[in-house]
Protein chains: 2
Amino acid sequence: MAQSNNVTPLFNDLAKIEHDHVACQDCSLYRLCLPLGLHNNDLNKLDEIITRSQGYKRGQSLFSEENSFKSLYVVRSGSFKTTISTSNGREQVTGFYFPGEFIGLDAIHHESYQSTAKALESSSVCELPYDSLQDIGKEMPQLQVQLLTRLSKELAGDKSLMLLLGKKTSKEKLATYLLSLSKRFHDRGFSATDFQLSMSRGDIANHLGLAVETVSRIFSRFQEEGLITLDGKAISLQDMDRLKALCG
Amino acid sequence: MAQSNNVTPLFNDLAKIEHDHVACQDCSLYRLCLPLGLHNNDLNKLDEIITRSQGYKRGQSLFSEENSFKSLYVVRSGSFKTTISTSNGREQVTGFYFPGEFIGLDAIHHESYQSTAKALESSSVCELPYDSLQDIGKEMPQLQVQLLTRLSKELAGDKSLMLLLGKKTSKEKLATYLLSLSKRFHDRGFSATDFQLSMSRGDIANHLGLAVETVSRIFSRFQEEGLITLDGKAISLQDMDRLKALCG
DNA sequence: TTATATCCATGATCTAGATCAATTTGTGTG
DNA sequence: CACACAAATTGATCTAGATCATGGATATAA
(Lines give C-alpha, C1' and ligand atoms only; values in the text may rest on other atoms or scores of the structure.)
Protein backbone atom coordinates (compact mmCIF):
# COMPACT_ATOMS: atom_id res chain seq x y z
CA MET A 1 0.00 0.00 0.00
CA ALA A 2 1.35 3.38 -1.06
CA GLN A 3 0.85 5.11 2.29
CA SER A 4 3.26 2.79 4.03
CA ASN A 5 6.16 4.56 2.36
CA ASN A 6 5.12 7.82 3.88
CA VAL A 7 7.01 8.07 7.14
CA THR A 8 4.86 10.80 8.63
CA PRO A 9 1.35 10.11 7.38
CA LEU A 10 -1.54 12.35 8.27
CA PHE A 11 -4.97 10.85 7.99
CA ASN A 12 -6.13 13.76 5.92
CA ASP A 13 -3.83 12.52 3.16
CA LEU A 14 -6.62 10.10 2.55
CA ALA A 15 -8.95 12.99 1.74
CA LYS A 16 -6.70 13.98 -1.11
CA ILE A 17 -6.55 10.48 -2.45
CA GLU A 18 -10.31 10.05 -2.39
CA HIS A 19 -12.64 12.21 -4.39
CA ASP A 20 -15.36 13.95 -2.53
CA HIS A 21 -18.27 11.81 -3.55
CA VAL A 22 -16.70 8.44 -3.91
CA ALA A 23 -19.22 5.65 -3.39
CA CYS A 24 -18.86 3.20 -0.51
CA GLN A 25 -17.72 0.37 -2.77
CA ASP A 26 -14.86 2.48 -4.08
CA CYS A 27 -13.83 3.94 -0.74
CA SER A 28 -10.48 2.88 0.64
CA LEU A 29 -12.08 2.63 4.08
CA TYR A 30 -14.57 0.02 2.93
CA ARG A 31 -13.19 -2.87 4.92
CA LEU A 32 -12.97 -0.77 8.13
CA CYS A 33 -16.39 0.77 7.81
CA LEU A 34 -20.07 0.04 8.12
CA PRO A 35 -20.79 -1.45 4.68
CA LEU A 36 -18.66 -4.52 5.35
CA GLY A 37 -20.69 -7.56 4.32
CA LEU A 38 -23.23 -5.58 2.31
CA HIS A 39 -23.55 -6.13 -1.42
CA ASN A 40 -24.84 -4.46 -4.57
CA ASN A 41 -28.37 -3.24 -3.96
CA ASP A 42 -27.95 -2.92 -0.25
CA LEU A 43 -24.75 -0.97 -0.65
CA ASN A 44 -26.43 1.34 -3.12
CA LYS A 45 -29.30 2.02 -0.76
CA LEU A 46 -26.83 2.85 1.98
CA ASP A 47 -24.94 5.11 -0.40
CA GLU A 48 -28.10 7.05 -1.08
CA ILE A 49 -28.72 8.06 2.51
CA ILE A 50 -25.14 9.10 3.22
CA THR A 51 -24.16 12.75 3.02
CA ARG A 52 -20.48 13.34 2.44
CA SER A 53 -19.51 16.49 4.31
CA GLN A 54 -17.38 19.36 3.24
CA GLY A 55 -14.26 19.68 5.33
CA TYR A 56 -14.07 20.63 8.99
CA LYS A 57 -11.21 22.86 10.09
CA ARG A 58 -9.13 22.27 13.20
CA GLY A 59 -11.26 23.10 16.24
CA GLN A 60 -14.57 23.07 14.38
CA SER A 61 -17.45 21.18 16.01
CA LEU A 62 -19.37 18.35 14.43
CA PHE A 63 -21.99 18.66 17.17
CA SER A 64 -22.16 19.75 20.79
CA GLU A 65 -23.39 18.29 24.04
CA GLU A 66 -27.18 18.62 24.36
CA ASN A 67 -27.75 19.12 20.60
CA SER A 68 -30.60 16.93 19.50
CA PHE A 69 -29.45 13.70 17.91
CA LYS A 70 -29.97 13.37 14.18
CA SER A 71 -27.05 11.54 12.61
CA LEU A 72 -24.21 9.19 13.22
CA TYR A 73 -20.91 10.20 11.64
CA VAL A 74 -18.06 8.16 10.24
CA VAL A 75 -14.69 9.84 9.97
CA ARG A 76 -13.65 9.94 6.31
CA SER A 77 -10.36 11.78 6.72
CA GLY A 78 -8.54 13.57 9.52
CA SER A 79 -9.41 13.00 13.16
CA PHE A 80 -11.74 14.13 15.92
CA LYS A 81 -11.97 14.22 19.69
CA THR A 82 -15.08 13.97 21.84
CA THR A 83 -15.42 15.61 25.25
CA ILE A 84 -17.97 15.73 28.07
CA SER A 85 -18.10 18.19 30.95
CA THR A 86 -19.08 18.37 34.59
CA SER A 87 -21.67 20.96 35.54
CA ASN A 88 -18.89 23.21 36.82
CA GLY A 89 -16.99 23.11 33.57
CA ARG A 90 -14.26 20.51 33.97
CA GLU A 91 -13.82 18.59 30.74
CA GLN A 92 -12.90 15.01 29.91
CA VAL A 93 -11.70 13.87 26.49
CA THR A 94 -13.69 10.65 26.08
CA GLY A 95 -12.24 9.51 22.78
CA PHE A 96 -10.25 10.14 19.63
CA TYR A 97 -11.69 9.09 16.27
CA PHE A 98 -9.87 8.12 13.08
CA PRO A 99 -11.03 7.27 9.56
CA GLY A 100 -13.65 4.52 9.49
CA GLU A 101 -14.63 5.07 13.13
CA PHE A 102 -18.10 6.09 14.31
CA ILE A 103 -18.91 9.23 16.26
CA GLY A 104 -22.18 9.72 18.09
CA LEU A 105 -23.10 6.15 19.02
CA ASP A 106 -23.71 7.13 22.64
CA ALA A 107 -26.43 9.58 21.52
CA ILE A 108 -28.85 6.95 20.19
CA HIS A 109 -30.40 6.20 23.54
CA HIS A 110 -30.74 9.73 24.87
CA GLU A 111 -31.78 11.18 21.51
CA SER A 112 -29.37 14.03 22.15
CA TYR A 113 -25.62 14.11 21.79
CA GLN A 114 -23.92 13.33 25.08
CA SER A 115 -20.63 14.87 24.06
CA THR A 116 -19.03 17.52 21.89
CA ALA A 117 -17.06 16.40 18.83
CA LYS A 118 -14.27 18.63 17.48
CA ALA A 119 -11.93 18.21 14.53
CA LEU A 120 -8.26 17.90 15.51
CA GLU A 121 -7.05 18.79 12.01
CA SER A 122 -8.65 19.37 8.60
CA SER A 123 -11.13 16.51 8.45
CA SER A 124 -14.23 15.22 6.74
CA VAL A 125 -16.99 12.81 7.64
CA CYS A 126 -19.80 10.75 6.18
CA GLU A 127 -23.11 11.66 7.77
CA LEU A 128 -25.66 8.87 8.33
CA PRO A 129 -29.10 10.19 9.31
CA TYR A 130 -30.26 7.77 11.98
CA ASP A 131 -33.89 7.66 10.87
CA SER A 132 -32.92 6.71 7.33
CA LEU A 133 -30.47 4.19 8.70
CA GLN A 134 -33.27 2.54 10.67
CA ASP A 135 -35.55 2.60 7.64
CA ILE A 136 -33.16 0.75 5.39
CA GLY A 137 -31.97 -1.36 8.32
CA LYS A 138 -35.38 -3.02 8.51
CA GLU A 139 -34.64 -4.89 5.32
CA MET A 140 -30.90 -5.30 5.94
CA PRO A 141 -30.23 -7.37 9.05
CA GLN A 142 -26.56 -7.37 8.10
CA LEU A 143 -26.45 -3.61 8.49
CA GLN A 144 -27.93 -3.86 11.98
CA VAL A 145 -25.43 -6.52 12.91
CA GLN A 146 -22.60 -4.28 11.73
CA LEU A 147 -23.88 -1.37 13.79
CA LEU A 148 -24.28 -3.57 16.83
CA THR A 149 -20.76 -4.90 16.39
CA ARG A 150 -19.36 -1.38 16.12
CA LEU A 151 -21.11 -0.33 19.29
CA SER A 152 -19.84 -3.42 21.05
CA LYS A 153 -16.29 -2.67 19.96
CA GLU A 154 -16.45 0.87 21.29
CA LEU A 155 -17.92 -0.44 24.52
CA ALA A 156 -15.06 -2.89 24.96
CA GLY A 157 -12.57 -0.10 24.27
CA ASP A 158 -14.20 2.07 26.90
CA LYS A 159 -13.99 -0.70 29.49
CA SER A 160 -10.25 -0.98 28.82
CA LEU A 161 -9.98 2.74 29.25
CA MET A 162 -11.67 2.42 32.64
CA LEU A 163 -9.00 -0.04 33.63
CA LEU A 164 -6.40 2.44 32.43
CA LEU A 165 -7.94 5.40 34.25
CA GLY A 166 -8.61 3.50 37.44
CA LYS A 167 -5.60 1.27 37.89
CA LYS A 168 -2.61 2.26 35.78
CA THR A 169 0.38 4.47 36.61
CA SER A 170 1.22 7.45 34.43
CA LYS A 171 3.92 5.53 32.51
CA GLU A 172 1.60 2.60 31.92
CA LYS A 173 -1.08 4.98 30.71
CA LEU A 174 1.19 6.58 28.14
CA ALA A 175 2.62 3.29 26.91
CA THR A 176 -0.87 1.82 26.58
CA TYR A 177 -2.05 4.88 24.71
CA LEU A 178 0.82 4.88 22.24
CA LEU A 179 0.31 1.21 21.44
CA SER A 180 -3.40 1.72 20.97
CA LEU A 181 -2.70 4.49 18.46
CA SER A 182 -0.10 2.30 16.79
CA LYS A 183 -2.62 -0.47 16.27
CA ARG A 184 -5.21 1.87 14.83
CA PHE A 185 -2.72 3.41 12.38
CA HIS A 186 -1.56 -0.03 11.36
CA ASP A 187 -5.15 -1.19 10.77
CA ARG A 188 -5.50 1.73 8.33
CA GLY A 189 -2.49 0.76 6.28
CA PHE A 190 -0.01 3.16 7.88
CA SER A 191 3.18 2.47 9.74
CA ALA A 192 2.69 1.01 13.21
CA THR A 193 5.81 2.77 14.47
CA ASP A 194 5.96 6.19 12.80
CA PHE A 195 3.02 8.54 12.86
CA GLN A 196 1.79 12.03 13.69
CA LEU A 197 0.00 12.85 16.94
CA SER A 198 -2.84 14.98 15.65
CA MET A 199 -3.97 15.78 19.20
CA SER A 200 -2.17 18.16 21.58
CA ARG A 201 -0.28 17.04 24.67
CA GLY A 202 -3.11 18.62 26.63
CA ASP A 203 -5.69 16.41 24.92
CA ILE A 204 -3.60 13.31 25.55
CA ALA A 205 -3.09 14.24 29.19
CA ASN A 206 -6.76 14.97 29.70
CA HIS A 207 -7.85 11.74 28.03
CA LEU A 208 -5.53 9.69 30.26
CA GLY A 209 -6.41 11.49 33.47
CA LEU A 210 -3.00 13.19 33.80
CA ALA A 211 -1.59 16.73 33.83
CA VAL A 212 0.09 18.05 30.67
CA GLU A 213 3.36 18.39 32.56
CA THR A 214 3.30 14.73 33.46
CA VAL A 215 2.83 13.74 29.83
CA SER A 216 5.73 15.98 28.76
CA ARG A 217 7.99 14.53 31.43
CA ILE A 218 7.16 10.94 30.58
CA PHE A 219 7.67 11.56 26.87
CA SER A 220 11.12 12.93 27.77
CA ARG A 221 11.83 9.95 30.00
CA PHE A 222 10.72 7.53 27.23
CA GLN A 223 13.11 9.29 24.84
CA GLU A 224 16.02 9.09 27.28
CA GLU A 225 15.33 5.38 27.66
CA GLY A 226 15.31 4.86 23.89
CA LEU A 227 11.66 3.79 23.78
CA ILE A 228 10.55 6.51 21.38
CA THR A 229 11.82 9.48 19.43
CA LEU A 230 9.69 12.56 19.30
CA ASP A 231 9.89 15.65 17.14
CA GLY A 232 6.97 17.93 17.79
CA LYS A 233 3.93 15.96 16.68
CA ALA A 234 5.90 13.27 14.88
CA ILE A 235 6.52 10.20 17.00
CA SER A 236 8.45 7.05 16.29
CA LEU A 237 8.13 3.96 18.46
CA GLN A 238 11.63 2.53 18.76
CA ASP A 239 11.04 -0.44 21.03
CA MET A 240 7.57 -1.92 20.77
CA ASP A 241 8.43 -4.88 22.99
CA ARG A 242 9.54 -2.79 25.93
CA LEU A 243 6.54 -0.51 25.40
CA LYS A 244 4.25 -3.53 25.54
CA ALA A 245 5.95 -4.70 28.72
CA LEU A 246 5.30 -1.26 30.20
CA CYS A 247 1.52 -1.45 29.73
CA GLY A 248 1.01 -3.28 33.02
CA MET B 1 -46.25 -0.38 44.17
CA ALA B 2 -45.81 -2.85 46.99
CA GLN B 3 -42.03 -2.75 47.11
CA SER B 4 -41.98 0.92 47.94
CA ASN B 5 -43.08 0.14 51.47
CA ASN B 6 -40.05 -2.01 52.02
CA VAL B 7 -37.42 0.27 53.48
CA THR B 8 -34.50 -2.05 52.81
CA PRO B 9 -35.29 -3.76 49.55
CA LEU B 10 -32.95 -6.32 48.04
CA PHE B 11 -33.28 -6.94 44.37
CA ASN B 12 -33.51 -10.64 44.97
CA ASP B 13 -36.88 -10.04 46.59
CA LEU B 14 -38.03 -9.83 43.01
CA ALA B 15 -36.98 -13.43 42.49
CA LYS B 16 -39.39 -14.52 45.15
CA ILE B 17 -42.20 -12.52 43.64
CA GLU B 18 -41.66 -13.96 40.19
CA HIS B 19 -41.99 -17.61 39.41
CA ASP B 20 -39.04 -19.23 37.74
CA HIS B 21 -40.43 -19.54 34.25
CA VAL B 22 -42.60 -16.50 33.99
CA ALA B 23 -42.99 -15.38 30.37
CA CYS B 24 -41.71 -11.99 29.24
CA GLN B 25 -45.19 -10.49 29.01
CA ASP B 26 -45.88 -11.36 32.63
CA CYS B 27 -42.50 -10.30 33.97
CA SER B 28 -42.42 -7.28 36.23
CA LEU B 29 -39.26 -6.15 34.45
CA TYR B 30 -41.00 -5.94 31.11
CA ARG B 31 -40.84 -2.20 30.73
CA LEU B 32 -37.15 -2.08 31.69
CA CYS B 33 -36.08 -4.96 29.50
CA LEU B 34 -35.51 -5.97 25.93
CA PRO B 35 -39.05 -6.90 24.86
CA LEU B 36 -40.27 -3.32 25.13
CA GLY B 37 -42.20 -2.55 21.96
CA LEU B 38 -42.57 -6.17 20.89
CA HIS B 39 -45.99 -7.75 20.66
CA ASN B 40 -47.71 -11.13 20.62
CA ASN B 41 -45.98 -13.38 18.11
CA ASP B 42 -42.68 -11.59 18.32
CA LEU B 43 -42.72 -11.72 22.08
CA ASN B 44 -43.49 -15.42 21.98
CA LYS B 45 -40.60 -16.09 19.64
CA LEU B 46 -38.28 -14.22 21.95
CA ASP B 47 -39.65 -16.16 24.90
CA GLU B 48 -38.76 -19.39 23.18
CA ILE B 49 -35.06 -18.68 22.84
CA ILE B 50 -34.62 -17.43 26.40
CA THR B 51 -33.28 -19.74 29.06
CA ARG B 52 -34.16 -18.76 32.59
CA SER B 53 -31.27 -19.70 34.84
CA GLN B 54 -31.23 -21.33 38.19
CA GLY B 55 -29.84 -19.10 40.87
CA TYR B 56 -26.26 -17.91 41.20
CA LYS B 57 -24.80 -17.69 44.71
CA ARG B 58 -22.73 -14.75 45.95
CA GLY B 59 -19.33 -14.86 44.26
CA GLN B 60 -20.36 -17.30 41.54
CA SER B 61 -19.29 -16.46 37.97
CA LEU B 62 -21.63 -16.04 35.05
CA PHE B 63 -18.65 -16.13 32.69
CA SER B 64 -14.97 -15.24 32.77
CA GLU B 65 -12.61 -13.12 30.72
CA GLU B 66 -11.50 -14.96 27.57
CA ASN B 67 -14.41 -17.45 27.64
CA SER B 68 -15.87 -17.71 24.18
CA PHE B 69 -18.97 -15.60 23.73
CA LYS B 70 -22.25 -17.42 23.44
CA SER B 71 -24.99 -15.50 25.19
CA LEU B 72 -26.07 -12.15 26.45
CA TYR B 73 -27.57 -12.13 29.92
CA VAL B 74 -30.23 -9.99 31.50
CA VAL B 75 -30.30 -9.80 35.28
CA ARG B 76 -33.60 -11.17 36.52
CA SER B 77 -33.00 -10.80 40.25
CA GLY B 78 -30.09 -9.89 42.48
CA SER B 79 -27.04 -8.09 41.14
CA PHE B 80 -23.69 -8.67 39.45
CA LYS B 81 -20.36 -6.97 38.99
CA THR B 82 -18.03 -7.19 35.99
CA THR B 83 -14.26 -6.87 36.21
CA ILE B 84 -11.30 -6.76 33.84
CA SER B 85 -7.64 -7.21 34.70
CA THR B 86 -4.22 -6.00 33.65
CA SER B 87 -1.71 -8.65 32.59
CA ASN B 88 -0.07 -8.37 36.01
CA GLY B 89 -3.29 -9.01 37.87
CA ARG B 90 -4.64 -5.63 38.92
CA GLU B 91 -8.42 -5.60 38.62
CA GLN B 92 -10.97 -2.95 37.73
CA VAL B 93 -14.68 -3.24 38.49
CA THR B 94 -16.17 -2.01 35.20
CA GLY B 95 -19.80 -2.13 36.17
CA PHE B 96 -22.62 -3.21 38.48
CA TYR B 97 -25.74 -4.75 36.98
CA PHE B 98 -29.28 -4.75 38.36
CA PRO B 99 -32.53 -6.39 37.21
CA GLY B 100 -33.40 -5.63 33.60
CA GLU B 101 -29.80 -4.70 32.70
CA PHE B 102 -27.69 -6.48 30.10
CA ILE B 103 -24.39 -8.22 30.79
CA GLY B 104 -21.96 -9.20 28.03
CA LEU B 105 -22.66 -6.54 25.41
CA ASP B 106 -18.96 -5.77 25.07
CA ALA B 107 -18.29 -9.36 24.00
CA ILE B 108 -20.23 -9.23 20.73
CA HIS B 109 -17.41 -7.73 18.75
CA HIS B 110 -14.54 -9.84 20.08
CA GLU B 111 -16.59 -13.03 20.16
CA SER B 112 -15.17 -13.70 23.59
CA TYR B 113 -16.10 -12.19 26.92
CA GLN B 114 -13.93 -9.19 27.73
CA SER B 115 -14.69 -9.33 31.42
CA THR B 116 -15.62 -11.60 34.31
CA ALA B 117 -19.15 -11.36 35.72
CA LYS B 118 -19.79 -12.37 39.35
CA ALA B 119 -22.96 -12.42 41.42
CA LEU B 120 -22.94 -10.00 44.36
CA GLU B 121 -25.77 -11.81 46.13
CA SER B 122 -28.18 -14.65 45.31
CA SER B 123 -29.17 -13.79 41.78
CA SER B 124 -30.70 -15.12 38.60
CA VAL B 125 -30.54 -14.20 34.93
CA CYS B 126 -32.25 -14.70 31.61
CA GLU B 127 -29.85 -16.12 29.06
CA LEU B 128 -30.20 -15.00 25.44
CA PRO B 129 -28.10 -17.08 23.02
CA TYR B 130 -26.69 -14.52 20.60
CA ASP B 131 -27.07 -16.68 17.50
CA SER B 132 -30.74 -17.26 18.16
CA LEU B 133 -31.18 -13.61 18.92
CA GLN B 134 -29.73 -12.71 15.51
CA ASP B 135 -31.91 -15.32 13.83
CA ILE B 136 -35.15 -13.95 15.17
CA GLY B 137 -33.79 -10.40 14.92
CA LYS B 138 -33.78 -10.67 11.14
CA GLU B 139 -37.56 -10.53 11.13
CA MET B 140 -37.88 -8.17 14.10
CA PRO B 141 -36.29 -4.82 13.40
CA GLN B 142 -37.76 -3.56 16.65
CA LEU B 143 -35.70 -6.08 18.57
CA GLN B 144 -32.51 -4.89 16.89
CA VAL B 145 -33.41 -1.31 17.66
CA GLN B 146 -33.90 -2.21 21.31
CA LEU B 147 -30.54 -3.94 21.48
CA LEU B 148 -28.85 -1.00 19.79
CA THR B 149 -30.49 1.39 22.21
CA ARG B 150 -29.34 -0.68 25.18
CA LEU B 151 -25.78 -0.70 23.93
CA SER B 152 -25.94 3.03 23.36
CA LYS B 153 -27.18 3.58 26.89
CA GLU B 154 -24.35 1.57 28.40
CA LEU B 155 -21.88 3.44 26.21
CA ALA B 156 -23.17 6.78 27.44
CA GLY B 157 -22.92 5.55 31.03
CA ASP B 158 -19.34 4.48 30.48
CA LYS B 159 -18.44 7.89 29.08
CA SER B 160 -19.82 9.51 32.23
CA LEU B 161 -17.76 7.10 34.26
CA MET B 162 -14.66 8.22 32.36
CA LEU B 163 -15.45 11.77 33.38
CA LEU B 164 -15.80 10.56 36.96
CA LEU B 165 -12.57 8.56 36.93
CA GLY B 166 -10.56 11.22 35.14
CA LYS B 167 -11.76 14.47 36.63
CA LYS B 168 -13.68 14.08 39.88
CA THR B 169 -12.48 14.26 43.47
CA SER B 170 -13.13 11.40 45.86
CA LYS B 171 -16.16 13.11 47.41
CA GLU B 172 -17.63 13.90 44.01
CA LYS B 173 -17.08 10.31 42.96
CA LEU B 174 -18.97 8.92 45.93
CA ALA B 175 -21.82 11.40 45.64
CA THR B 176 -22.17 10.70 41.92
CA TYR B 177 -22.14 6.98 42.56
CA LEU B 178 -24.81 7.09 45.25
CA LEU B 179 -27.11 9.17 43.07
CA SER B 180 -26.61 6.84 40.14
CA LEU B 181 -27.62 3.89 42.33
CA SER B 182 -30.55 5.88 43.64
CA LYS B 183 -31.84 6.50 40.13
CA ARG B 184 -31.53 2.87 39.15
CA PHE B 185 -33.38 1.69 42.27
CA HIS B 186 -36.08 4.26 41.67
CA ASP B 187 -36.48 3.15 38.03
CA ARG B 188 -37.15 -0.34 39.37
CA GLY B 189 -39.94 0.75 41.67
CA PHE B 190 -37.88 0.92 44.85
CA SER B 191 -37.18 3.83 47.13
CA ALA B 192 -34.76 6.37 45.68
CA THR B 193 -33.44 7.15 49.16
CA ASP B 194 -33.30 3.89 51.11
CA PHE B 195 -31.62 0.83 49.74
CA GLN B 196 -29.06 -1.89 50.32
CA LEU B 197 -25.55 -1.74 48.91
CA SER B 198 -25.16 -5.28 47.60
CA MET B 199 -21.50 -4.64 46.74
CA SER B 200 -18.68 -4.40 49.29
CA ARG B 201 -16.85 -1.16 50.11
CA GLY B 202 -13.91 -2.68 48.28
CA ASP B 203 -15.95 -3.10 45.10
CA ILE B 204 -17.22 0.46 45.31
CA ALA B 205 -13.72 1.81 45.90
CA ASN B 206 -12.28 -0.18 43.04
CA HIS B 207 -15.03 0.87 40.65
CA LEU B 208 -14.47 4.55 41.46
CA GLY B 209 -10.69 4.40 41.32
CA LEU B 210 -10.24 4.88 45.08
CA ALA B 211 -8.81 2.97 48.05
CA VAL B 212 -11.25 1.23 50.42
CA GLU B 213 -10.05 3.41 53.26
CA THR B 214 -10.97 6.52 51.32
CA VAL B 215 -14.50 5.24 50.74
CA SER B 216 -14.88 4.40 54.42
CA ARG B 217 -13.66 7.83 55.46
CA ILE B 218 -15.92 9.68 53.03
CA PHE B 219 -18.95 7.64 54.10
CA SER B 220 -18.14 8.67 57.68
CA ARG B 221 -17.73 12.30 56.63
CA PHE B 222 -21.04 12.21 54.71
CA GLN B 223 -22.74 10.86 57.85
CA GLU B 224 -21.23 13.56 60.06
CA GLU B 225 -22.50 16.14 57.59
CA GLY B 226 -26.01 14.68 57.64
CA LEU B 227 -25.95 13.71 53.98
CA ILE B 228 -26.57 10.02 54.54
CA THR B 229 -27.11 7.46 57.26
CA LEU B 230 -25.39 4.15 56.96
CA ASP B 231 -25.88 0.90 58.83
CA GLY B 232 -23.73 -1.81 57.37
CA LYS B 233 -25.03 -2.33 53.87
CA ALA B 234 -28.20 -0.32 54.40
CA ILE B 235 -27.91 3.26 53.25
CA SER B 236 -30.33 6.15 53.42
CA LEU B 237 -29.84 9.33 51.43
CA GLN B 238 -30.87 12.16 53.74
CA ASP B 239 -30.18 15.18 51.57
CA MET B 240 -30.45 14.52 47.87
CA ASP B 241 -30.07 18.20 46.96
CA ARG B 242 -26.75 18.60 48.72
CA LEU B 243 -25.61 15.28 47.29
CA LYS B 244 -26.47 16.50 43.81
CA ALA B 245 -24.57 19.71 44.43
CA LEU B 246 -21.58 17.61 45.45
CA CYS B 247 -21.38 15.77 42.13
CA GLY B 248 -19.29 18.49 40.53
C1' DT C 1 -21.14 -21.87 70.36
C1' DT C 2 -16.62 -20.82 69.09
C1' DA C 3 -13.20 -20.59 65.42
C1' DT C 4 -11.51 -18.25 61.28
C1' DA C 5 -11.78 -15.32 57.74
C1' DT C 6 -13.27 -11.29 55.61
C1' DC C 7 -14.96 -6.68 55.89
C1' DC C 8 -14.97 -2.16 57.75
C1' DA C 9 -13.36 2.05 60.32
C1' DT C 10 -9.92 5.14 61.72
C1' DG C 11 -5.32 7.07 62.71
C1' DA C 12 -0.34 7.93 61.04
C1' DT C 13 2.66 8.37 57.31
C1' DC C 14 4.18 8.58 52.57
C1' DT C 15 4.27 9.43 47.57
C1' DA C 16 2.79 9.82 42.67
C1' DG C 17 1.44 13.05 40.30
C1' DA C 18 -0.78 17.80 40.58
C1' DT C 19 0.06 22.52 40.82
C1' DC C 20 2.80 26.61 40.43
C1' DA C 21 6.42 29.14 38.04
C1' DA C 22 9.68 30.26 34.48
C1' DT C 23 11.56 29.40 29.67
C1' DT C 24 11.51 27.85 25.21
C1' DT C 25 9.49 26.47 21.07
C1' DG C 26 6.00 26.51 17.69
C1' DT C 27 2.31 28.74 14.97
C1' DG C 28 -1.09 31.33 12.79
C1' DT C 29 -1.98 36.23 11.17
C1' DG C 30 -1.57 41.01 9.71
C1' DC D 1 8.79 38.30 8.73
C1' DA D 2 7.94 39.74 12.94
C1' DC D 3 4.53 40.00 16.27
C1' DA D 4 1.43 37.95 19.58
C1' DC D 5 -0.31 33.91 21.50
C1' DA D 6 -0.72 29.10 22.32
C1' DA D 7 1.72 24.77 23.22
C1' DA D 8 5.42 22.33 25.24
C1' DT D 9 9.29 21.48 28.34
C1' DT D 10 11.62 21.52 32.74
C1' DG D 11 12.26 22.47 37.65
C1' DA D 12 10.48 23.32 42.54
C1' DT D 13 6.93 22.58 45.68
C1' DC D 14 2.63 20.84 47.49
C1' DT D 15 -1.34 17.80 48.45
C1' DA D 16 -5.16 14.41 47.72
C1' DG D 17 -5.48 10.26 48.36
C1' DA D 18 -2.66 5.84 48.76
C1' DT D 19 -0.45 2.83 51.80
C1' DC D 20 0.60 0.96 56.25
C1' DA D 21 -0.94 -0.47 60.75
C1' DT D 22 -4.35 -1.70 64.19
C1' DG D 23 -8.62 -2.98 66.32
C1' DG D 24 -13.44 -3.91 66.01
C1' DA D 25 -17.47 -5.76 63.64
C1' DT D 26 -19.75 -9.39 60.66
C1' DA D 27 -20.22 -13.36 58.43
C1' DT D 28 -19.57 -18.47 57.47
C1' DA D 29 -18.71 -22.91 58.91
C1' DA D 30 -18.21 -26.98 61.85
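None of the values given here were measured: they were computed from a predicted structure. Each chain gets a letter, A, B and so on, in the order its sequence line appears, and its residues count up from 1.
- With distances taken from any side-chain atom of A:Leu210 to the nucleotides C:dA18, D:dT9, D:dG17, the minimum falls on C:dA18.
- Rounded to whole Å, the distance from NZ on B:Lys171 to P on D:dT15 is 17 Å.
- Between B:Phe80 and B:Tyr73, the ring centre distance reaches or exceeds 6.0 Å.
- If you measure from atom CZ of A:Arg221 to atom C1' of C:dA16, you get 13 Å, rounded to the nearest angstrom.
- Under 3.5 Å, the side chain of B:Arg217 and the base of C:dG11 form at least one donor-acceptor pair of N or O atoms.
- Per the geometry, CG belonging to B:Leu165 stands 15 Å off C1' belonging to D:dG17, to the nearest Å.
- Salt bridge absent: A:Lys159 and B:Asp106 never bring a charged side-chain N and a carboxylate O closer than 4.0 Å.
- Phosphate contact (OP1/OP2 of C:dC7, side-chain N/O of B:Lys233, threshold under 4.0 Å): absent.
- The ring of A:Phe102 has its center no closer than 6.0 angstrom to the ring center of A:Tyr97.
- Closest to the A:Ser200 side chain, of the nucleotides D:dA7, D:dT9, D:dT10, is D:dA7.
- Rounded to whole angstrom, the span from the CG atom of A:Leu230 across to the C1' atom of D:dA7 amounts to 13 Å.
- Counting to the nearest Å, the P atom of C:dG17 and the CG atom of A:Asn206 are 17 Å from each other.
- For the pair B:Arg58 and B:Thr214, nearest-nucleotide mapping onto DNA chain C gives the more 5' position to B:Arg58.
- Dashed line: the shortest gap from a side-chain N or O of B:Ser220 to OP1 or OP2 of C:dT10 is under 4.0 Å.
- Every residue meeting the ring-ring contact (aromatic ring centres under 6.0 Å, His included) condition with B:Tyr113, not counting sequence neighbours, appears here in chain and number order: B:Phe63, B:Phe69.
- The CD1 atom of B:Ile218 sits 13 Å away from the P atom of C:dT10 (whole-angstrom rounding).
- Looking at heavy-atom distances under 4.0 Å, A:Gly232 makes no contact with the nucleic acid at all.
- At the phosphate of C:dG17, OP1 or OP2 sits under 4.0 Å from a side-chain N or O atom of A:Ser170.
- The CZ atom of B:Phe219 sits 14 Å away from the C1' atom of C:dC7 (whole-angstrom rounding).
- In this structure, of D:dT10, D:dG17, D:dC20, it is D:dT10 that holds the atom nearest to the side chain of A:Glu213.
- The side chain to side chain donor-acceptor pair (under 3.5 Å) test with B:Glu127 is passed by exactly one of B:Arg52, B:Lys70, B:Arg76: B:Lys70.
- As judged by a 4.0 angstrom heavy-atom cut-off over every strand, A:Gly59 is placed among residues making no nucleic acid contact.
- In this structure, B:Phe222 atom CZ and C:dA9 atom P are separated by 14 Å, rounded to whole Å.
- Of all nucleotides listed (D:dT9, D:dA18, C:dT10), D:dT9 comes nearest to the side chain of A:Arg201.
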